[in-house]
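Read through the structure below, which is laid out as structure tokens, and then see the notes.
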Amino acid sequence: MLGDDMAAARADWLETCKEPLQRIEADQSDFLKPLDSEGETLDFHALRHACAIWLIQSGRRERVTSRQTH
């Protein structure tokens, strides 16, 4: 599901690139690709951990956050 959404978002983003050089750069970019140039992937599990980190950094108690994200 997340992969399909990312592919659709990338396609929409690419459609906004009207200038030929801008489109070439965008096509070569790894923006919204499931695997980036550093070999990192975006998946649902990664989003879950990122959300927990953001909650803790914003002052949410770690124990409360871990119960809500597991």
Side-chain angles (χ1 to χ4, degrees):
M1 179 175 77
L2 182 60
D4 292 342
D5 288 345
M6 287 177 57
R10 181 174 170 82
D12 289 347
W13 172 68
L14 289 171
E15 286 297 316
T16 67
C17 302
K18 302 299 181 193
E19 299 294 323
L21 290 177
Q22 182 187 28
R23 178 58 187 246
I24 290 169
E25 285 182 17
D27 277 329
Q28 293 173 348
S29 166
D30 61 10
F31 182 65
L32 292 173
K33 283 190 174 179
L35 182 68
D36 72 10
S37 60
E38 296 178 5
E40 295 180 346
T41 61
L42 177 65
D43 58 20
F44 188 78
H45 188 73
L47 290 176
R48 193 171 142 239
H49 282 270
C51 180
I53 290 168
W54 296 330
L55 287 170
I56 292 166
Q57 288 176 340
S58 72
R60 189 81 178 252
R61 288 190 2 235
E62 187 173 341
R63 184 167 180 88
V64 172
T65 300
S66 70
R67 274 187 273 168
Q68 292 179 344
T69 57
H70 284 110

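The structure presented is a predicted model; accordingly, all values stated were derived computationally and were not measured.
- A donor-acceptor distance shorter than 3.5 angstrom exists from the side chain of Arg10 to the backbone of Asp27, with no hydrogens or angles considered.
- Contact check for Arg23 versus Glu15: side-chain heavy atoms found under the 4.5 Å cut-off.
- The local environment of CH2 in Trp54 is sparse, with at most 12 non-hydrogen atoms from other residues, nucleotides or ligands closer than 6.0 Å.
- Of all heavy-atom pairs spanning Leu55 and Ser58, the tightest one is O-OG, 2.8 Å.
- Summarising the local packing, CG of Leu35 is surrounded by more than 12 heavy atoms from other residues, nucleotides or ligands at distances under 6.0 Å.
- Taking hydrophobic clusters as Ile, Leu, Val, Met, Phe, Trp and Tyr residues chained together by side-chain heavy-atom distances below 4.5 Å, Met6 shares a cluster with Leu47.
- Linking ILVMFWY side-chain heavy atoms closer than 4.5 Å, directly or via other members, places Ile24 and Leu14 in two distinct hydrophobic clusters.
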